[in-house]
Amino acid sequence: MDFFGVSAGGGSGLDCWGRDRMQIRINGGRLVDPGHFDGIADILIEAGRIVKIVEIGSGSDLDPASNTQHPEHRIIDASGKIVTPGLIDMHVHLREPGHEYKETIESGCRSAAWGGFCAVCCMPNTSPVNDSRQVTKYIRTKADQLNLVRVFPVAAVSKGIEGKVLCDYDELKQAGAVALSDDGRPVMDSQMMRTAMEAARDLELTVISHCEDISLAADGAMHEGAVAKELGYTGIPSASESIMVLRDIALSELTHAPVHIAHVSAAESVRAIRDAKARDVNVTAETAPHYFTLTEKAVKDSGTHAKMNPPLRTDADREAICEGLADGTIDAIATDHAPHSNQEKDIAFGSAANGIIGLETAVSLSLKLVEDGVLSLTRLVEKMSTHPARILGLENGLRVGQTADVTIIDPDLPFTVNSDKFQSLSRNTPFEGWQLKGRPVFTLVGGRIVYEYAPMGN
Ligand SMILES: [Zn+2]
């Protein structure tokens, strides 16, 4: 796959990072490559690839002399740290083209690298919508020129994400789209969704479904329940999500096409997906850190910074999400990083834009699941790297010969959320001031260091 070729990208030869030339050793970290390896090891990276992995205590070593003889080498001391296959966020909004005041491909890629992500999948609700070869190629070319993290465009299911005319999926796949979604809006017409899933299946693409019954959600602003009543806001019932989850499961059974459920927020949806998986339906699902961290009560404290679609729900829903993560019903954790300007958030709740940024807090919030005993570290790495790669057909893993996309996490480093220091252009986070534990300290893409934690710098 050309996306992962070590020579793909800018095409201008070696850059200031010593790309394709730098030799990197990652020493003494706990390597977690789910299903393959979990132990303390040294990794040697050359020419953008992993060339050697030596388990500590195995009797052999990496031959230290070979490293210091290399003209450009770097040794990273990873003792006490976790070394994982590059994290992949399969659901972000980079906002370019068209909404560059919220985020650009460049600021979004910097935000991703800072957050420990080696790759992101960007949703098509830009302006113009990514429903054509031109827009897909624009995003790919821009990301290649930046040469920060990998950007995989998700193209639209329907032209203009209007749910009326299907896009040309063959053309979009050839231009570099890795999946299809009308995210931000549901495909309300079931016959159209059936046709889309069949066409996507024949091209080995997955439809990512934003599950929302528009007639039930109506003009709701937050979850329909006690807090909405107390605050006097119109509500969105959980059924507006779960009805569409159930429909898409039925369509997957009908068509034998894969379907991936985006941003699961409700207990009813978790139950529906669990039942479908027990019947071997080809369904996968993701949730976002805010759905396993917050509830509808956050609206009282954070106002519009706790407004998103689907909305934060009850504590019972939050618990169901955690159970779904723990038992494998929910395959992936994605951020749904949705940058908005202050002008779109510092207004009346009902009129404010939906969504929060998430790239720079996701790892720290997700590590809490490990601390709380919801997930083992291995299961967490699966949900933030292995499974997104599997769902989208991307290369992944820490094995000799593979592209060196690597995330290094310090699980003990304290992290106080301060959005002023974020790389994202937007500041819409409900986690401002939160004191978290654990954060990414290195992000390597194709053997290049694209982010390195500097204690005084950030
Ligand atoms: Zn969505």
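None of these values were measured; they are calculated from a predicted model. Hydrogens, waters and symmetry mates play no part in the numbers below; they use all other heavy atoms, side chains included. Numbering of residues begins at 1 and proceeds along the displayed sequence.
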- [ ] Determine yes or no for a side-chain-to-main-chain donor-acceptor pair under 3.5 angstrom, with S158 supplying the side chain and E162 the backbone.
- [x] yes
Open item on the list: Taking the side chain as everything from C-beta on, heavy atoms only, tell me whether P85 gets closer than 4.5 Å to V381.
Closed with: yes
Open item on the list: I'd like to know if the side chain of R49 reaches the main chain of G446, judged simply by a donor and an acceptor atom lying under 3.5 Å from each other, with no hydrogens or angles considered.
Closed with: no
- [ ] Please report the closest heavy-atom contact between C118 and L444, naming both atoms and the distance.
- [x] SG-O, 3.2 Å
Task: For A217, all residues meeting side-chain contact (heavy atoms from CB on, under 4.5 Å), sequence neighbours excluded - done: E212, I236, S240
Open item on the list: Can you list everything that forms a side-chain contact (heavy atoms from CB on, under 4.5 Å) with E323? Sequence neighbours excluded, please.
Closed with: R274
Open item on the list: Main chain of T104, side chain of S107: is a donor-acceptor contact present, judged purely on distance under 3.5 Å?
Closed with: yes
TODO: Would you mind reporting whether P153 and R140 have side-chain heavy atoms less than 4.5 Å apart?
DONE: yes
- [ ] Return yes if some donor-acceptor pair links the side-chain N/O of T234 with the main-chain N/O of D219 below 3.5 Å, else return no.
- [x] yes
TODO: Apply side chain to side chain donor-acceptor pair (under 3.5 Å) to S265 and E241, showing your working.
DONE: CA-CA 8 Å; S265 73; E241 175 178 295; 2.7 Å; yes
- [ ] Answer yes or no: is there an ion pair linking R399 with D33, defined by an N-O contact shorter than 4.0 Å?
- [x] yes
Open item on the list: I'd like to check I449 versus T443 (side-chain heavy atoms, cut-off strictly below 4.5 Å). Are they in contact?
Closed with: no
Open item on the list: Whether the side chain of T141 engages the backbone of K137 through a donor-acceptor N/O pair (distance < 3.5 Å, no angle test) should be reported.
Closed with: yes
TODO: Can you spot which of L205, T136, V154 makes a side-chain contact (heavy atoms from CB on, under 4.5 Å) with L172?
DONE: T136
Task: I330 backbone acceptor or donor facing K383 side chain under 3.5 Å - done: yes
- [ ] Let me see the working for E96 and K142 under salt bridge (charged side-chain N to carboxylate O under 4.0 Å, His left out), right down to the final yes or no.
- [x] CA-CA 10 Å; E96 185 179 351; K142 193 118 194 199; 2.8 Å; yes
Open item on the list: For a quick test of reading the model, state the closest non-hydrogen atom pair linking V157 to A196 and the distance between them.
Closed with: CG1-CB, 3.7 Å
Open item on the list: So that I can tick it off, tell me whether E268 and R271 are bridged by a salt bridge, with the cut-off set at under 4.0 angstrom between side-chain N and carboxylate O.
Closed with: no
TODO: Grab the two heavy atoms, one from F292 and one from S366, that are nearest each other, plus how far apart they are.
DONE: CZ-OG, 3.6 Å
TODO: Quickly, which of T126, T335, D183 forms a side-chain contact (heavy atoms from CB on, under 4.5 Å) with H93? Name it, please.
DONE: D183
- [ ] Check A119 against V149 and note the closest heavy-atom contact, atom names and distance.
- [x] N-CB, 4.4 Å
TODO: Identify, with sequence neighbours excluded, every residue that meets side-chain contact (heavy atoms from CB on, under 4.5 Å) alongside E319.
DONE: D315
- [ ] Evaluate the criterion side chain to side chain donor-acceptor pair (under 3.5 Å) for residue pair T206 and H260; output intermediate values, then yes/no.
- [x] CA-CA 7 Å; T206 295; H260 178 79; over 6 Å; no
TODO: Report the C-alpha distance between S252 and N282 in whole Å, list the side-chain angles of each, state the deciding distance to 0.1 Å, and finish with yes or no for side chain to side chain donor-acceptor pair (under 3.5 Å).
DONE: CA-CA 7 Å; S252 176; N282 200 351; 5.8 Å; no
Open item on the list: I'd like to know if R133 and D168 make a salt bridge, using a cut-off of under 4.0 Å between side-chain N and carboxylate O.
Closed with: no
Task: Considering all heavy atoms, the nearest Y169-A156 contact - done: CE2-O, 3.8 Å
Task: side chain to side chain donor-acceptor pair (under 3.5 Å) partners of residues 347-364, not counting sequence neighbours, each pair once - done: S111-E360
Task: Side-chain (T304) to main-chain (K345) donor-acceptor, under 3.5 angstrom - done: yes
- [ ] Ignoring hydrogens and angles, tell me if any N or O in the side chain of D131 forms a donor-acceptor pair with the backbone of I161 under 3.5 Å.
- [x] no
TODO: Answer yes or no: is there a side-chain heavy-atom contact under 4.5 Å between H223 and T314?
DONE: yes
TODO: Answer yes or no: is there an ion pair linking E452 with R74, defined by an N-O contact shorter than 4.0 Å?
DONE: yes
- [ ] Indicate yes or no: at least one non-hydrogen side-chain atom of E286 is less than 4.5 angstrom from one of H387.
- [x] no
Open item on the list: With a 4.5 Å cut-off on side-chain heavy atoms, are D189 and M193 touching?
Closed with: no
Task: Distance-only polar pair, side chains of S419 and E432, donor-acceptor under 3.5 Å - done: yes
Open item on the list: Restricting to side-chain contact (heavy atoms from CB on, under 4.5 Å), what partner residues turn up for K300, sequence neighbours left out?
Closed with: V227, E230, L231
Open item on the list: Does the structure place the NZ or CZ of K307 under 6.0 Å from the centre of the six-membered ring of F349, at an angle of no more than 45° from the ring's axis?
Closed with: yes
Open item on the list: To the closest 0.5 Å, what do you measure between CD (E103) and CZ (R110)?
Closed with: 11.5 Å
Task: Spacing of S385 atom OG and I88 atom CD1 [to the nearest 0.5 Å] - done: 5.0 Å
- [ ] Check whether any side-chain heavy atom of L359 lies under 4.5 Å from a side-chain heavy atom of F422, and answer yes or no.
- [x] no
Open item on the list: Within the structure provided, determine whether V299 and Y233 are in side-chain contact (heavy-atom separation under 4.5 Å).
Closed with: yes
Open item on the list: Test your reading of the model: is there a side-chain donor-acceptor pair from K277 to the backbone of T329, 3.5 Å cut-off?
Closed with: yes
Open item on the list: Using 30° and 60° as the class boundaries, would you call the ring planes of H91 and H263 parallel, tilted or perpendicular?
Closed with: tilted
Task: Evaluation steps, side chain to side chain donor-acceptor pair (under 3.5 Å), between S215 and D213 - done: CA-CA 6 Å; S215 61; D213 185 310; 2.4 Å; yes
TODO: Please determine if E224 and K229 form a salt bridge, counting it only when a charged side-chain N lies under 4.0 Å from a carboxylate O.
DONE: no
Open item on the list: Using only atom types and a distance under 3.5 Å, with no angle test, would you say the side chain of D331 pairs donor to acceptor with the backbone of A285?
Closed with: yes
Task: Sequence neighbours excluded - side chain to side chain donor-acceptor pair (under 3.5 Å) pairs with any residue from residues 289-298 - done: none
